[in-house]
Amino acid sequence: MINETPRVRFAPSPTGYLHVGGLRTALYNYLFAKHNHGKFILRIEDTDRNRYVEGAIEKLIEALKWAGLEYDEGPDVGGDFGPYLQSKRLNIYKQHADELILEGNAYYCFCTSERLTALREEQEKLKLPQAKYDKHCLHLSEEEIKKSLSKNTPYVVRLNVKPNQKIVFNDIVRGTIEFDSNNIDDQILIKSDGYPTYHLANVVDDHLMKITHVIRGEEWLSSTPKHVLLYDAFSWEQPFFAHLPLLLNPDRSKLSKRQGDVAVEDYRDKGYLKEALVNFVALLGWNAGDDREFYYLNELVETFSLDRVNKAGAVFDTVKLNSLNAEHLRKKSNNEILGMLKDEIQKSQYKNQEYSDEFLLLIIEAMKERVSFVSEFVITCPYFYEAPKDYEQKAIEKNWKSETPNQLMKFINKLRDIDTPSKSDYELVLANIAEELGIGKGKLIHPLRLATSGQSTGPGIFDLLYILGKEEIIKRVNTAIEKIKV
RNA sequence: GGCGCGUUCGUCUAGCGGUUUAGGACACCGCCCUCUCAAGGCGGGGAUCACGGGUUCGAAUCCCGUACGCGCUACCA
């Protein structure tokens with residue numbers, strides 16, 4: 001098996017959205033596959049009809065593709081081992097369950113849910129170490145089984161776990177793990193509605209789809225012995241297992257909706273870059289062993305390896321995500337940001353206004369190092385899109401003196417003489433006026449910034465002026481002189 | 001309760017028996033740069049490596065125990 005090309009799968013159940021923990025699992029599968037020139041497969045585990053969600057599969061696929069995790073085989077792209085929807089493989093599971101029954105590794109169980117509950121209650125009363133099915137139906141005679149079957153009595157198929165066995169398997173992340181079969185319940189394999197449970201379906205499919213490495217969340221570690229038992233019962237070779245540490249809430253419980261956003265779509269909609277989310281999530285439980293923290297997907301592919309995956313859970317801390325987002329944003333070309341900024345403007349109050357690409361590109365260049373999100377190219381510097389409505393009070397107090405209006409008028413008047421001032425023209429004019437007045441440049445710069453932007457922070461003043469343009473500056477300075485009273 | 005897994009700065013982590021006065025990143029604070037804010041550079045505070053025993057000349061690193069956390073314990077995945 002070790003010489004085969006690796007085949008791994010991401011096998012989510014369609015819940016309606018892609019959980020960031022799921023994204024991390026999918027990513028590690030993808031990285032492992034691509035690094036080793038193997039195949040990455042998407043398989044939908046939709047065997048719970050009670051949890052059917054309309055449109056869930058489409059959403060899942062959309063989120064996966066948004067993140068850039070293209071798969072080689074899957075429900076919408078096909079492949080040689082389909083179908084990739086478990087709900088379309090029912091006959092396969094049935095057939096394999098029959099095989100297990102025939103060889104005594106599984107058995108029909110006709111117990112009612114009432115008996116099961118009673119059993120559990122009784123076991124609880126007796127303070128038994130663990131509640132387990134009592135194998136009642138294992139001892140049914142051939143006749144009894146036939147009779148019940150012909151009467152269409154509802155039944156499930158259970159795994160026949162033999163007592164006093166050591167079940168040992170190797171986990172790539174955690175090493176050798178050992179379980180005692182006495183602690184393992186006779187797991188239901190086929191539910192009474194004819195659908196398989198996860199345990200049967202994932203083993204059968206992983207084998208049939210020639211999956212070499214099962215890379216999944218740690219929540220599956222405890223049920224792996226059941227899977228090992230199934231591989232043995234079918235006389236199939238086991239895949240390699242790698243159980244990934246969980247993603248946690250700030251209070252270290254399993255990452256959940258209650259304590260923040262968990263859907264990839266939520267982060268996308270909040271304006272996080274896919275590069276940043278992928279980069280961030282990759283580092284939650286893995287690192288290359290050096291100090292590097294900035295990666296693009298293809299670079300992760302180059303460096304990823306399963307044996308550098310951590311054992312302990314990791315808190316999903318969005319503060320660090322934010323800084324990574326800013327870093328990825330800064331590394332993008334202005335032209336790439338331009339497209340995103342146009343989308344952002346469409347979502348804003350300025351959607352009906354026209355802005356030239358040239359103008360927006362100037363804003364991007366001026367603001368790029370001052371923002372963490374594309375949306376901030378709008379909300380943090382509204383003065384590029386409209387004249388300030390009011391002026392920051394603290395800045396007025398600090399920088400707007402009684403002589404300020406006259407000084408600014410001088411500046412404006414000088415500007416009028418220049419047709420289309422360049423950036424250095426603004427710089428020159430301002431320097432000249434300052435010198436003329438015998439004041440520091442700051443005495444002009446700060447009021448000018450306040451008058452034109454309404455704020456005390458922003459890009460370099462000459463960038464600001466150049467982007468606004470002469471006419472707009474004059475208008476805004478006049479307005480400010482009228483409106484700002486000291 | 002049972003079984004399993006885990007435990008290094010607030011958070012993500014490096015470390016795989018001596019190179020460690022435990023390194024980096026984010027966050028925080030200070031300085032430099034500077035027209036502001038950022039970005040960038042430099043520096044600072046912050047981890048008795050969960051705790052207790054061993055093994056060893058020597059342990060964050062190996063072993064055992066305890067505590068704590070998490071996961072599983074469904075006709076859910």
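Here the structure is a predicted model, which is why all the values come from computation and not from measurement. Every chain is numbered from 1, with letters handed out A, B, ... down the list of sequences.
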Checklist entry - Does Thr47(A) put a side-chain nitrogen or oxygen below 4.0 Å from OP1 or OP2 of A77(B)? => result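 Yes, within the criterion.
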Checklist entry - Within the structure, does a side-chain N or O atom of Lys191(A) lie under 4.0 Å from either OP1 or OP2 of C76(B)? => result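 For C76(B), OP1/OP2 do have a side-chain N/O of Lys191(A) under 4.0 Å.
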Using the 3.5 Å cut-off, write out each protein N or O paired with an N or O of nucleotides 30-33 of chain B and the distance between them.
none

Could you pull out all residues at least two apart from [X] that satisfy side chain to side chain donor-acceptor pair (under 3.5 Å)?
| X | answer |
| --- | --- |
| Ser456(A) | Glu392(A) |
| Asn182(A) | Asn164(A), Asp180(A) |
| Tyr267(A) | none |
| Lys368(A) | Asn334(A) |

Next on the checklist: Does anything in residues 172-204 of chain A form a ring-ring contact (aromatic ring centres under 6.0 Å, His included)? List the pairs, not counting sequence neighbours.
Outcome noted: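 The answer is Tyr198(A)-Trp220(A), Tyr198(A)-His227(A), His199(A)-His227(A).
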With a 4.0 Å heavy-atom cut-off, tell me which residues in [range] come close to RNA chain B, sorted by residue number.
| range | value |
| --- | --- |
| residues 362-372 of chain A | Glu369(A), Arg370(A) |
| residues 215-233 of chain A | Glu218(A), Glu219(A), Trp220(A), Leu221(A), Ser222(A) |
| residues 158-182 of chain A | Arg174(A), Ile177(A), Glu178(A), Phe179(A) |

Checklist entry - Is it true that the NZ or CZ of Lys331(A) lies under 6.0 Å from the centre of Phe294(A)'s six-membered ring and within 45 degrees of the ring axis? => result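 Flagged: Lys331(A) positioned over aromatic ring of Phe294(A).
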Checklist entry - Looking at C76(B), C3(B), U36(B), which one has an atom nearest to any side-chain atom of Arg449(A)? => result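 Taking heavy atoms from C-beta onward, the closest nucleotide is U36(B).
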Checklist entry - Can you name the salt bridge (Lys or Arg N to Asp or Glu O under 4.0 Å) partners of Asp205(A), sequence neighbours left out? => result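 Asp205(A) satisfies salt bridge (Lys or Arg N to Asp or Glu O under 4.0 Å) with Arg43(A), Arg89(A) once adjacent residues are dropped.
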Item to check | Contacts of Arg115(A) that satisfy salt bridge (Lys or Arg N to Asp or Glu O under 4.0 Å) - sequence neighbours left out | outcome: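 In terms of salt bridge (Lys or Arg N to Asp or Glu O under 4.0 Å), with neighbours along the sequence ignored, Arg115(A) is linked to Asp134(A).
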Item to check | Presence of donor-acceptor pair under 3.5 Å, side chain of Ser323(A) and base of C26(B) | outcome: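 Such a pair does not exist between side chain and base.
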Item to check | Pairwise C1' distance, A67(B) and C51(B) [rounded to whole Å] | outcome: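 Comparing C1' positions in C51(B) and A67(B) gives a spacing of 7 Å.
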Checklist entry - Base, sugar-phosphate, or nothing: which does Cys381(A) touch, judged by heavy atoms less than 4.0 Å apart? => result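 Contact class for Cys381(A): none.
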Checklist entry - Whole Å only: how far is the CG atom of Leu321(A) from the C1' atom of A25(B)? => result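 Between C1' of A25(B) and CG of Leu321(A): 14 Å.
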Next on the checklist: Rounded to whole Å, how long is the line connecting atom CG of Leu246(A) with atom P of C72(B)?
Outcome noted: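 My rounded result for the distance is 8 Å.
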What pairs of nitrogen or oxygen atoms, one from the protein and one from nucleotides 10-13 of chain B, lie under 3.5 Å apart?
unit_1	atom_1	unit_2	atom_2	d
C12(B)	OP1	Val315(A)	N	2.9
C12(B)	O2'	Leu283(A)	O	3.2
C12(B)	O2	Lys320(A)	NZ	3.2
U13(B)	OP1	Gly285(A)	N	2.7
U13(B)	O3'	Asn287(A)	ND2	2.7

